[in-house]
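To start, the structure under review is shown below, and the notes come after it.
In what follows, residues are counted from 1 in the order of the sequence shown. Every heavy atom of this structure was used, including side-chain atoms; hydrogens, water molecules and symmetry mates were not.
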Amino acid sequence: MTVFGRLAVGATWTLATVLSNAVARDPFTNFTVPSDAATAADVPKYSPLRPPAIPLAVRTPYTSAWSSTGGKDKDSTLNNQNPIFWFGQGLGWEGIVVVDGNSFEYMGTSINDFPELSYYNTTVPLEVKFDSQFSNFTFLAGPVIITASFFSPVTPKDICRSSIPLSYLTTTVQSSDGKPHHIQFYSDVNAQWIGLGSELDIIKELHTGPTSHGTGSGNVPDSPRSWILRPRDPKPFQENSQMPAWGNFSYTTSPWGAEGFSFQSGSATSVRFGFVNNRILNNDAGSVTRGFGNQEPVYAFAHDMGTVLETSVRYTIGSIQTPNVRYLHKGGLSDLAPWWERCYGGMHDMINFHYYDFDTVAKIGYEFETQLRADINTFFQGDQYGQQWELDPGSAYGYLQPGNATGIAVPFVSEAESYYAIVALSARQALGAYVFAVPPDVPSSSDPSGDAVEPLMFQKEISSNGNMNTVDVLYPATPFFLYANPALLKYILQPLYELQEGGFYPNEYSMHDIGAHFPLALGHVDGADEYMPVENSGNSILMSYAYYKFTGDAAWLSSHYELLKRFSQYLIDYSLVPDAQLSTDDFAGELANQTNLAVKGVVGLQAMSAIARVVGEAEDASVFATRATDFYEQWEGYAIDPSGRHTLLAYQWRSSWGLLYNVYLDKLLNMGLVRPELYDMQSAWYATVSQAFGVPLDSRHHYTKSDWQIWTAATCSRATRRLFVNAVAYWLNQTATTLPFGDLYETVAEGDYPIGIDRFAARPVVGGHFALLALGKTGQLAGATGGDTTGSLFPKNGTEHLPIPDTPNTPPPSYAGPPLKPGTGHHRSV
């Protein structure tokens, strides 16, 4: 990489191509629903909207850093509030740029710890933009513009890169007055990233990686330098306030062509105050030097870039666990290695690969972002606006449809723009709850015989209860996997099926999860997991059939047929009139005769009939098909309110209602079981019960779920679909919540968290927001509404799968960094 005016050419391409194009291209540039405080000088302009938290470094359950926007006050941003972990606790991540001797803080709040200094100032926030890959914060700092660009790659078809638990920060300075300026960078992190705050609890290391080839032109060899932190008393597979109690934390940079490069560890205020005054660190990586102010230890880097018009520096950050999962299987209990070890070797090899891989992975991320936008355009086909709503601020409904006084509080904006904002914000979060692991008893990465091995994928049920591979959390996330890479769904389901097929679960129905708390996949050998028998038996069948329909992998279906058949028998026995039990919405409590739960079982039997046909079990297929048809006819008699206007929440509960989201897969897979008239009836009903931030989950409460709203939207008419989609986007822009994208919230007042329920945040169920894109992948576009499946590539109730795309006869993306050691296998992207 050559350097021009102290700005790396590779960085120029990224900033000019990825950052500008990825967040500011037509048609998604006009969705501006400004916050009430947006005119204040210290509040940035958000694009495409202002969510409750902006993703910074989001790769795994333990690499999950966000910038809260401040809830109802809407005045918090990167330079006046510390980044937060998904759970809500603060993380130390400081950023300062020195311009001609004057320091400007663009990230963190250390300025509050100092006496007033004329040469230490905060920056003025200008813009915050995000897409599916990047979050970019722009600030004014005297005569320069600072851009802090956070990049957590979403590369679902590249499993090796997806398994890396690290994220990027690139900080760029550009002169705004056309004159060169003397620029210096400072950044530090603290040990809160591993849940520790005392130097006595930490083992630290400053590691120097191999020198790169042709990447630097300054006075210092351009090799990566990493602060490595780990607990002095590690507790493998345990957590402390959701943080890992074992493993390593890495913060990495390189001299990056600087005229001067320095580092230091020490107490927070002393290190920062020393840099602001001396504009250099002392290269002391030893014990903490006690001083005044904040005594927590920090680990810092500084770059002196000289006098330039434009320059940048890059960091990588993340929490690294090796091993990362403890897994019960037929061979015993194994501690599994992370998948990236098969791809890149040891921890330092992986850190080094990731650091130099930026340009390549940015291109891959750009391709995902470009395809995402193109697919949204294709789905909506220019049909984006629909009917305008009239504002009635004195009504709980907000924006009303003229003539019948129904509607949702959303302005007149493009549905496509709203939808793009939702899925762009959801993408990193959807993958950020997972880790990839090497299956037990697999050869080492240097053994070519292991090339055909596939990873196992493990999910943490973030913020609700921490279960592993929770079936009723995987189910709502399914549309993301079907859209982005259906193979991921197989990698997630495999551990669930292996445990049950291995004799580690005694019940006839599907297990709820593979472990009570991540990352201990110890199963439930006593069968005492959370009781959701109909829910999870139906989920397992439907997810398995959907995986087949999107991949054509009949062999995998066949290998698990007996287990799925067992679940189907349970549905025959118990799903039509379910007794009191939990559904996936377990926070609402047990309820007997749940209409939406029953239809899941019925649609599941229709799917099982197709599975039996795929694997050549014609007799079973006939039995399941007959049951599904008979059950559906009975279900309609039980489920529809006597008024004929809507289905009931529970049989015989007159006037009750709820979101009937479980018919979505009938439409998606064109199974042809649910009558089109039922779709139309429900679609007409939802608008009559909508509130300010959408349609409540059911008639018992005001709260709703964003994932189920989008699933339901996919089954509705154009007008009702727009209500749902625009309401979710409107809530994102207006909510008083402060944590990462919460899927459970009130539809009234300030759209806050429901009282008495754990605050849902950063959960992977936001994968459900991709329900419209999954429909589009089957050929069903915005015009095919309700029960209409026009355009579907799936014949009605047929077993045909999507066409399998040709494998391109091209090598994988090149790697431009230093040579990797033999056997690290970076080419083994699955």
Evaluate side chain to side chain donor-acceptor pair (under 3.5 Å) for Glu508 paired with Tyr570, printing each intermediate quantity in order. CA-CA 7 Å; Glu508 292 301 305; Tyr570 187 87; over 6 Å; no
Test side chain to side chain donor-acceptor pair (under 3.5 Å) on Ser544 and Tyr497 and set out the steps. CA-CA 11 Å; Ser544 298; Tyr497 294 173; 2.6 Å; yes
One pair to check against side chain to side chain contact (heavy atoms under 4.5 Å, CB included): Thr155 and Val361. What are the steps and the verdict? CA-CA 8 Å; Thr155 60; Val361 75; 4.0 Å; yes
Give the C-alpha distance, both sets of side-chain angles, the deciding distance and a yes or no for side chain to side chain contact (heavy atoms under 4.5 Å, CB included) between Thr322 and Met347. CA-CA 8 Å; Thr322 307; Met347 178 180 73; 5.6 Å; no
Intermediate values then yes/no, side chain to side chain donor-acceptor pair (under 3.5 Å), Ser334 and His329: CA-CA 8 Å; Ser334 296; His329 58 100; 2.7 Å; yes
Verify side chain to side chain donor-acceptor pair (under 3.5 Å) between Ser226 and Thr252, making sure each step is shown before the conclusion. CA-CA 4 Å; Ser226 300; Thr252 299; 2.6 Å; yes
Test His524 against Asp513 for side chain to side chain contact (heavy atoms under 4.5 Å, CB included), laying out the working first. CA-CA 8 Å; His524 297 278; Asp513 58 77; 2.5 Å; yes
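With hydrogens and angles disregarded, a donor-acceptor distance shorter than 3.5 Å links the side chain of Gln133 to the backbone of Val154. At distances below 3.5 Å, at least one donor-acceptor pair connects side-chain atoms of His769 with backbone N or O atoms of Val766. Side-chain atoms of Asn507 do not come within 3.5 Å of backbone N or O of Tyr509 as any donor-acceptor pair. Under the 3.5 Å distance criterion, the side-chain polar atoms of Ser163 are matched with a main-chain donor or acceptor of Cys160. Proximity of a side-chain donor or acceptor of Arg225 to a complementary backbone N or O of Gly209 within less than 3.5 Å is not detected. With hydrogens and angles ignored, the 3.5 Å screen pairs no side-chain donor or acceptor of Asn240 with any backbone N or O of Met243. Formation of a donor-acceptor pair under 3.5 Å by the Gln89 side chain with backbone atoms of Ser241 is found in this model.
Considering all non-hydrogen atoms of both residues, Val614 and Ala554 come closest at CG1-CB, 3.7 Å. Of all heavy-atom pairs spanning Trp340 and Ile320, the tightest one is CZ2-CG2, 3.5 Å. Heavy atoms only, all atoms of each residue included: Ser167 and Phe151 are closest at OG-O, 2.9 Å. Residue Thr63 comes nearest to Ser319 through the heavy atom pair OG1-N, 2.8 Å, listed as atom of the first residue, atom of the second, then distance. Closest approach of Thr551 and Pro486 over heavy atoms only: CG2-CB, 3.4 Å. The two residues Arg759 and Phe87 make their nearest non-hydrogen contact at NH2-O, 4.5 Å.
A cation-pi arrangement is present between Arg314 and Phe358, with the terminal nitrogen or guanidinium carbon under 6.0 Å from the aromatic centre and inside a 45° cone about the axis.
Side chain to side chain, Trp556 and Gln494 meet the donor-acceptor criterion of an N or O pair below 3.5 Å. Of the N and O atoms on the side chains of Asn352 and Asp349, not one donor lies less than 3.5 Å from an acceptor on the other residue. Side-chain contact, Ser135 with Arg428: a donor N or O sits under 3.5 Å from an acceptor N or O. For the 3.5 Å distance criterion, the side chains of Glu461 and Thr470 qualify, holding a donor opposite an acceptor. When only modelled atom types and interatomic distance are considered, Trp708 and Asp585 share a side-chain donor-acceptor pair under 3.5 Å. Side-chain contact of Ser223 with Thr208: a donor-acceptor pair under 3.5 Å is absent, judged by distance alone. For the residue pair Tyr505 / Asp526, no side-chain donor-acceptor distance below 3.5 Å is found, with atom types taken as modelled. Between the side chains of Tyr251 and Trp93, at least one donor N or O sits under 3.5 Å from an acceptor N or O. Side-chain contact check for Tyr531 and Gln581: no donor-acceptor pair (N or O, by modelled atom type) lies under 3.5 Å.
Between Arg763 and Asp743 there is a salt bridge, since at least one side-chain N of the basic residue sits less than 4.0 Å from a carboxylate O of the acidic one. Here Glu454 pairs with Lys490 in a salt bridge; the nearest charged N to carboxylate O distance falls below 4.0 Å. Salt bridge annotation for Glu239-Lys460: present, with a cationic side-chain nitrogen under 4.0 angstrom from a carboxylate oxygen. A salt bridge does not link Lys330 to Glu498: none of the charged side-chain nitrogens sits closer than 4.0 Å to a carboxylate oxygen.
Residues Phe237 and Trp246 bring their aromatic ring centres within 6.0 Å. A ring-centre distance under 6.0 Å is found for Trp227 and Tyr299. In summary, the aromatic rings of Tyr168 and Tyr315 are positioned with their centroids too far apart to meet the 6.0 Å limit. Between Tyr483 and Phe550, the distance separating the two ring centers is not shorter than 6.0 angstrom.
For Tyr574, the OH atom is loosely surrounded, since the number of other residues' heavy atoms within 6.0 Å does not exceed 12.
Remark: Arg326 pairs with Asp335 by the salt bridge (Lys or Arg N to Asp or Glu O under 4.0 Å) rule, at least two apart or across chains.
Side-chain atoms of Phe587 and Leu744, non-hydrogen and from C-beta on, do get closer than 4.5 Å to each other. Contact of the Leu496 side chain with the Ser540 side chain is not registered, since no non-hydrogen atoms from C-beta on lie closer than 4.5 Å. With a 4.5 Å cut-off on side-chain heavy atoms, Arg161 and Tyr344 count as touching.
Of the residues Phe481, Phe480, Trp711, the one that meets the ring-ring contact (aromatic ring centres under 6.0 Å, His included) test with Tyr475 is Trp711. With respect to His512, the side-chain hydrogen bond (donor to acceptor under 3.5 Å, both in side chains) criterion is satisfied by exactly one of Asn469, Asp472, Asp529, Asp586: Asp472.
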